[in-house]
Structures are given as C-alpha cells and as structure tokens.
K.L.:
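Sharing a structure with you now.
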Amino acid sequence: MPMNKQQVINILINEVSVPNKEFGSAFASTNIALCKYWGKRNAELNLPMTSSLSISLGHLGACTKIGFAAGTTDQYILNNAAVSENTVFYRRLVEFLDLFRPTADTVFSVTTQTNIPVAAGLASSACGFAALVKAMQDLFAWPLSLEQLSILARLGSGSASRSFWDGFVQWDAGVREDGMDSFAYSLEQEWSELRVGLLHIDNKPKGFSSREAMQATVETSPFYKLWPQTVANALTVTKQAIIDRDFWSLGSTAEANALAMHALMLSTTPAIVYTQGATLDCMRQVWCARAEGLNLFFTQDAGPNLKLLFLSKDEAKVKELFAQVEIVAPFATITKPVECIHD
Ligand code: PMV
C-alpha cells in the first residue's frame, strides 16, 4: 500500500507535538531552479521524477509566525489581509496544518509576510511552506535535521524542500516509496559574483497552478519521456559549471532547461502557456544583447516572469537594458526583512 503524508510525518515526528512556546516564527528564502522539477513520481508525497538544482534568493522570501487561536477555524493572514476560507490558498494551508495538529480541536493562527509576489511563478509556495515548517519547528521544538525539515516541506510543495539553505541547493529525486531519500541539501559552493535579476512582467496570480500543470504534462505530453534524461544531463553540466565558475555553461544550460520545460507544456493537451507577449519581448532582448557580447541568460518558471542570470561586472549593462529589473546577490550576507526580526 502506498504511504500517505500522515504516515511519513509519523515516522519523523513520533511523539505527539507539544508546543514549546506561545508562537514560533521563521524566515525562509525563496529559490529559483536552474535545473527544473517538472513532474512527480508520486503525487501524494510530491516525489519528483527527477532531481533538481536551485539557487536561493537571500533576503527575498517569506516570514511566518504560527501560534494558536480561539474559535473553530484556522486564521490565515497573508501580507496583512485575512485569507478567505473558500480560497484554494486557504484550503492548501489548512490541509497541511491538519497533518500537524496536536489535538483534533487545535486551531492555528498563521501570519505570513512575503516580499515577493504571491503565486506569480516567483516560487512563493517554496518559501511559504519552508517558512511554515521552520516556524512549526520553532513552536514545537522538533529535534529534526534540515534534511528532515526539507522532507516535511516537500509534502506541502515540492520546491519548498530546497528553501532551507542559502546558495546552490540540490533536491534528490530518491527511489524509495516513502520518499525518505528525497530531500534537498546545500552544494556548499559560493559564487559571489553571480547575480539574479527579477523581471516582473505580470505579477497577477497565475491561472493554473504548477501542481495541475505538471500533472497534465506528465499525462499528455508525447515528449515527457525525454525529460528525465534532459534534466540529468543539465544537472551534471551545471554542477561542473559551478565548480569551474564557468558562467556561460551555467547560464546556457539553465536557459535551455527552462525552455525545454516550457516546450513540454506547449506539447501538453490542452497546451499550457505561461509565456506572454511581454515575456517573449524580454527573451528577444536577452538574445540580442547576448549576440552583441553580453553574458546574459534567463530562466522562467510556472509564470510569465523571467529571472535573469548574469555576473556582477555586467550589472550596469543589465540595468540599462531592463530599467525595472530587481537585482539579487544570492551570496551576499542576508539581511532579513524588518518584519522578520522576531525570528
Ligand atoms: O513546487 P511547485 O509545485 O510550486 O513546483 C515548482 C515548479 C517550478 O518552479 C516550475 C520548477 C522548480 O523546480 O521550482
């Protein structure tokens, strides 16, 4: 019998969780995949078909505070507004909290502040579930390692498993049915000159979730069978590029991997298209700049926004090209957003 989420949690947290304090709080950086996770081998446990590799975005992410509330339903405040009970967002949170209630009548109060747009392909669910798991660990004082917390966060959202470390992070697909070998870890490599530029093209929440989209791709794209080998090759090349500080190799592999993922979506029935006209215009600008000698690449997730990849020496040129770009230095010392200083 395949395992469910609760059974996995019971392996990791074998004693009834007793709160350690009044509330727990934590910050988690968001992460952007350079070699993407697209497709699950087990939808219940969010076990991926392939391993993936990401870069964390330092001060950009989510700060979550969790405590207890009176009443009968969980309270969820996101970016200073109460989230209504009949939204998908609320239901996803409550479903996840259900797995951790010390008693059936425990009611939680969750407050999350993000400094990235929510559900716009900027990995808000990654930092959201990671910050929630870290805040729960603070509340319940679970004696768990970061790898074990990564497994718990994966049960909320796959990419959240990678949001427990700074810098380059790999999430292993694993082979076990219970997913105990499918967690992330730091590659322990620094590349201080590396920059990520966020191009906010459209920050409205996307029409369909990555969860639905990747499932449809696996089920209907005739090309999905090529994806596992494509990602495996990209992972090998990217890890070597990081070791060699070979930016051209890292950037070109990341861009090709993102485009391959979107090509899979185009070949899904019905087609899934996150790219907008403005996204394509920006891609063309990147390609033109590159043809003129600028070392600039992009990656794209389940949304229309692009993330540019370049080196610090080219910051001025990138700003000239894209005035609206928000530049992140992933290896700079993290200054947590002010609202997170209670963490
Ligand atoms: O973890 P999810 O369900 O939000 O899926 C993330 C999918 C991508 O962002 C497109 C790729 C990735 O590896 O983060």
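Just so you know, ligand 1 is whichever comes first in the structure, and atom 1 is the first atom listed for that ligand. Residue indices begin at 1 and follow the sequence shown.
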K.L.:
At a 4.0 Å threshold, what atoms of ligand 1 neighbour a non-hydrogen atom of Ala33?
P.N.:
12 (C), 13 (O), 14 (O)
K.L.:
Can you tell whether the side chains of Glu315 and Arg195 come within less than 4.0 Å, N to carboxylate O?
P.N.:
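A salt bridge links Glu315 with Arg195.
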K.L.:
To check you understand the geometry: which heavy-atom pair defines the closest contact between Phe108 and Phe68, and what is its length?
P.N.:
CE2-CE2, 3.6 Å
K.L.:
List ligand 1 atoms under 4.0 Å from Ser210, heavy atoms only on the residue side.
P.N.:
2 (P), 3 (O), 4 (O), 5 (O)
K.L.:
Run the numbers for me: atoms of ligand 1, each under 4.0 Å from some heavy atom of Arg162, listed by number.
P.N.:
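By the 4.0 Å cutoff, the relevant atoms are 12 (C), 13 (O), 14 (O).
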K.L.:
Would you mind running through ligand 1 and noting each atom that sits below 4.0 Å from a heavy atom of Gly158?
P.N.:
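Once the distances to Gly158 are compared, the set is 1 (O).
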K.L.:
For Glu255, is there an ion pair with Arg290 - N to carboxylate O distance below 4.0 angstrom?
P.N.:
yes
K.L.:
Can you list the ligand 1 atoms lying under 4.0 Å from a non-hydrogen atom of Ser159?
P.N.:
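In order of numbering, the contacting atoms are 1 (O), 2 (P), 4 (O), 6 (C), 14 (O).
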K.L.:
Establish, yes or no, whether the cationic atom of Arg245 lies under 6.0 Å from the six-membered ring centre of Trp191 and within 45° of the ring axis.
P.N.:
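Cation-pi check for Arg245 and Trp191: passes.
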K.L.:
For Leu309, which of Leu296, Leu34, Val318 qualifies under side chain to side chain contact (heavy atoms under 4.5 Å, CB included)?
P.N.:
Leu34
K.L.:
Can you confirm whether more than 12 heavy atoms, excluding those of Gln324, are under 6.0 Å from its CD atom?
P.N.:
yes
K.L.:
Where on Ser125 is there a heavy atom closer than 4.0 Å to ligand 1, on the side chain, on the backbone, on both, or on neither?
P.N.:
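Contact part for Ser125 vs ligand 1: side chain (C-beta onward).
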K.L.:
Say whether Trp171 and ligand 1 are in contact under the criterion: heavy-atom distance to a ligand atom below 4.0 Å.
P.N.:
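Contact absent.
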K.L.:
Inspect the contact between Asp98 and Arg91 and indicate whether a charged nitrogen and a carboxylate oxygen are less than 4.0 angstrom apart.
P.N.:
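Salt bridge between Arg91 and Asp98, a charged N being under 4.0 Å from a carboxylate O: no.
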K.L.:
Numbering the atoms of ligand 1 from 1, which are under 4.0 Å from a heavy atom of Asp301?
P.N.:
8 (C), 9 (O), 10 (C), 11 (C)
K.L.:
Is the closest heavy atom of Ser52 to ligand 1 under 4.0 Å?
P.N.:
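No heavy atom of Ser52 comes that close to ligand 1.
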K.L.:
With nothing but distance in play, are any N or O atoms of Arg211 less than 3.5 Å from an N or O of ligand 1?
P.N.:
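So ligand 1 has no N or O lying under 3.5 Å from an N or O of Arg211.
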